[in-house]
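Below is one structure, written out as structure tokens; the observations come after it.
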Amino acid sequence: MRQVLVATVFLFTLSLAANAAAQGNAEEGKKLWESVDARCRDCHGVKGEGGFGPDLAGRQLSLDQFKHAVRKPWGIMPMFTEQLLSDQNIANFHAYFTSLPTVGEPGPWRTPVPAGAPKGQQLLIATYGCGQCHGAVMQGPRADGGAIAADFEWFRKMTYEHTTIMPEHRKLLGEAPAGVRMGNFSPTRVPEPELQEIWRYVRDDLKFRAPLVSRLTAGTSAGTYNLVVQNEGLVGKGLTAEDITIKLALAPGTKVTNTTGAGYQGVRNDPQLKADVAVWQLPRLGPKQEQTYTITVGSGGGIARGQVSWTKPAQGTGTPDQINVAMPQPPPQTR
């Protein structure tokens, strides 16, 4: 009798847990949807109002219908596995969207198709939606390709097996595998011949990018910042950036009191950044190489933003390539 009672209590507890998961938590769903890692917004809108993807707010889908759309999408949306999105998070999303009012009209696309776009760009933006997350010219994937001298097989796996291949790509570059945010596209929904057309456009027309990254952090002394510019490419395969210019835009009234790092050019006004900028020049930066700089500013001054640009390899348009300097994030507020 005792064993039957224990089993009954155990099953009842499981039932309560399953029911709680099925109900979801609208507030937790809202927090996750608005987090930096929830790139779902790029297609479905900031508040689920829709865009390239269908509107989700107020749809009143059942949880099973919503979960099926995430795990086994009907259209071109990639499939999100348990590894990427748990059942509980799906239930939380469902609760959040169910709590919202319906929208009268879906929102605009995050990335519209430029006038006169070639076929490859039309496919990646309008047909399959790649450009809604990666932008009209696929800046991130082009840097990933430039890091390893990518071929079509790599691009194919990145599309159809992204959940597996992205951590392997990061590991190949000697990095800790970051969280994967994109699911796996279906070859039946994104046919390989059209994927090849996108590949040719990215590789030949846009061209690969040197995989430069930057990190700006606050130093241990007041008013001091540390800047690292690094090439994440694979030695022997990755692209080398040449003729590099580093600019740190100064907040109004900021005075530079000290700098370190070769190639410092001083402070000058920059029309593009519309600010006075501290400038360094660097001849080249090859795969796995990095350059470190420091800058110290007077009391009350600071760094507003920054930019790293290089002339070689040039983009397909012939224009210099560039990245923004990753600025320090303020510490989280505590209550």
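As the structure is a prediction and not an experimental result, all values here were calculated from the model.
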Take Thr163 and Gln83 through the side chain to side chain contact (heavy atoms under 4.5 Å, CB included) test and state the conclusion after the steps.
-> CA-CA 8 Å; Thr163 305; Gln83 177 185 345; 3.2 Å; yes
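- Although no hydrogens or angles enter the test, the distance criterion places no donor-acceptor pair under 3.5 Å between the side chain of Ser86 and the main chain of Glu82.
- The two residues Val267 and Tyr264 have their closest heavy-atom pair at CG2-OH, 3.6 Å.
- In the hydrophobic clustering of this structure, Tyr225 does not group with Val277; members are Ile, Leu, Val, Met, Phe, Trp, Tyr whose side-chain heavy atoms approach within less than 4.5 Å, directly or through other members.
- At least one donor-acceptor pair closer than 3.5 Å links the side chain of Glu49 to the backbone N or O of Val46.
- With respect to Asp270 and Lys274, no salt bridge is recorded, no charged nitrogen being found less than 4.0 Å from a carboxylate O.
- Between the side chain of Asn231 and the backbone N or O of Leu239, at least one donor-acceptor pair lies under 3.5 Å.
- For the pair Gln121/Val113, no side-chain contact is recorded, criterion being any heavy-atom separation below 4.5 Å from C-beta on.
- Taking CD of Gln122 as the start and OG1 of Thr127 as the end, the distance is 7.5 Å to the nearest 0.5 Å.
- For the atom pair NE2 of His169 and CG of Asp144, the computed distance is 4.0 Å after rounding to the nearest 0.5 Å.
- Between the side chains of Thr311 and Asp243, at least one donor N or O lies within less than 3.5 Å of an accepting N or O.
- Side chain of Thr111 to backbone of Gly131: a donor-acceptor contact under 3.5 angstrom is found.
- If you chain together hydrophobic residues whose side chains sit under 4.5 Å apart, Leu212 and Val235 never meet in one group.
- The shortest non-hydrogen separation linking Ala210 to Pro313 is CB-CD, 4.3 Å.
- A donor-acceptor pair under 3.5 Å is absent between the side-chain atoms of Glu168 and the main chain of Ile165, judged by distance alone.
- Considering only heavy atoms from C-beta on, Ile198 comes within 4.5 Å of Tyr128 through its side chain.
- Counted by atom type alone, Gln139 and Arg142 present one or more donor-acceptor pairs between their side chains at under 3.5 Å.
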Any chance you could lay out the side chain to side chain contact (heavy atoms under 4.5 Å, CB included) test for Val229 and Leu285, step after step, and finish with the verdict?
-> CA-CA 9 Å; Val229 180; Leu285 199 64; 4.0 Å; yes
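- Proximity of Val70 to Leu85: side-chain heavy atoms (C-beta onward) are separated by under 4.5 Å at one or more points.
- Residues Thr296 and Thr224 bring a donor and an acceptor atom of their side chains to less than 3.5 Å of each other.
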So Cys43 and Arg110, side chain to side chain contact (heavy atoms under 4.5 Å, CB included) or not? Walk me through it.
-> CA-CA 7 Å; Cys43 281; Arg110 179 175 180 267; over 6 Å; no
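- Across all non-hydrogen atoms, the minimal contact from Pro211 to Ala143 is CB-O, 3.6 Å.
- For the residue pair Thr294/Thr260, the side-chain donor-acceptor check at 3.5 Å is satisfied.
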Report the C-alpha distance between Leu32 and Asn92 in whole Å, list the side-chain angles of each, state the deciding distance to 0.1 Å, and finish with yes or no for side chain to side chain contact (heavy atoms under 4.5 Å, CB included).
-> CA-CA 9 Å; Leu32 180 58; Asn92 292 344; over 6 Å; no
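- In the hydrophobic cluster analysis, where Ile, Leu, Val, Met, Phe, Trp and Tyr join through side-chain heavy atoms closer than 4.5 angstrom, Phe152 is grouped together with Leu206.
- Under the 3.5 Å distance criterion, with hydrogens and angles disregarded, a donor-acceptor pair is assigned to the side chains of Asn269 and Asp276.
- Other residues, nucleotides and ligands contribute only 12 or fewer heavy atoms inside 6.0 Å of the NZ atom of Lys47.
- Asn226 has its side chain out of reach of Leu216: every pair of non-hydrogen atoms, C-beta onward, lies at least 4.5 Å apart.
- Within the 4.5 Å cutoff, the side chain of Ser214 has heavy atoms near those of the Val325 side chain.
- Taking the six-membered ring where the residue is Trp, the centroids of Tyr160 and Trp154 are separated by 6.0 Å or more.
- No chain of hydrophobic side-chain contacts below 4.5 Å, direct or via other Ile, Leu, Val, Met, Phe, Trp or Tyr residues, connects Met158 to Met79.
- Nearest approach of Arg41 to Ser35, heavy atoms of both residues: NH1-O, 2.6 Å.
- No side-chain heavy atom of Gln196 sits less than 4.5 Å from a side-chain heavy atom of Tyr201.
- No donor-acceptor pair closer than 3.5 Å links the side chain of Trp33 to the backbone N or O of Phe97.
- Annotation: the span from Ile303 atom CD1 to Ile295 atom CD1 amounts to 4.5 Å, rounded to 0.5 Å.
- Taking both residues in full, the closest heavy atoms of Ile125 and Gln132 are given as O-NE2, 3.5 Å, listed atom of the first, atom of the second, then distance.
- If you check the side chains of Arg215 and Gln230, you find a donor sitting under 3.5 Å from an acceptor.
- Taking 4.5 Å as the limit, some side-chain heavy atom of Trp280 sits within range of a side-chain heavy atom of Leu248.
- Between the side chain of Arg189 and the main chain of Trp74, a donor-acceptor pair closer than 3.5 Å is present.
- With respect to Arg39 and Asp42, a salt bridge is recorded, a charged nitrogen being found less than 4.0 Å from a carboxylate O.
- The main-chain N or O of Arg170 is never found under 3.5 Å from a side-chain atom of Glu175 such that the two would form a donor-acceptor pair.
- A distance of 11.0 Å separates CZ of Arg200 from CZ of Phe155, quoted to the nearest 0.5 Å.
- Residue Arg305 holds its CZ atom at 10.0 Å from CG of Leu250, rounded to the nearest 0.5 Å.
- With Lys30 as the fixed residue, the side-chain hydrogen bond (donor to acceptor under 3.5 Å, both in side chains) test singles out one of Glu27, Glu28, Glu34: Glu34.
- Grouping the Ile, Leu, Val, Met, Phe, Trp and Tyr side chains by contacts below 4.5 angstrom, directly or via other members, places Val256 apart from Val279.
- Side chain of Lys67 to main chain of Asp64: no donor-acceptor pair is present (N/O by atom type, distance under 3.5 Å, no hydrogens or angles).
- In this structure, Glu153 places its CD atom where more than 12 heavy-atom neighbours from other residues, nucleotides or ligands lie under 6.0 Å away.
- Residue Arg59 comes nearest to Pro54 through the heavy atom pair NH2-CB, 3.7 Å, listed as atom of the first residue, atom of the second, then distance.
- For the pair Gln307 and Leu273, the minimum side-chain heavy-atom distance is below 4.5 Å.
- Atom CG of residue Leu61 and atom NE2 of residue His68 lie 12.0 Å apart, to the nearest 0.5 angstrom.
- Under the 3.5 Å distance criterion, the side-chain polar atoms of Asn184 are matched with a main-chain donor or acceptor of His162.
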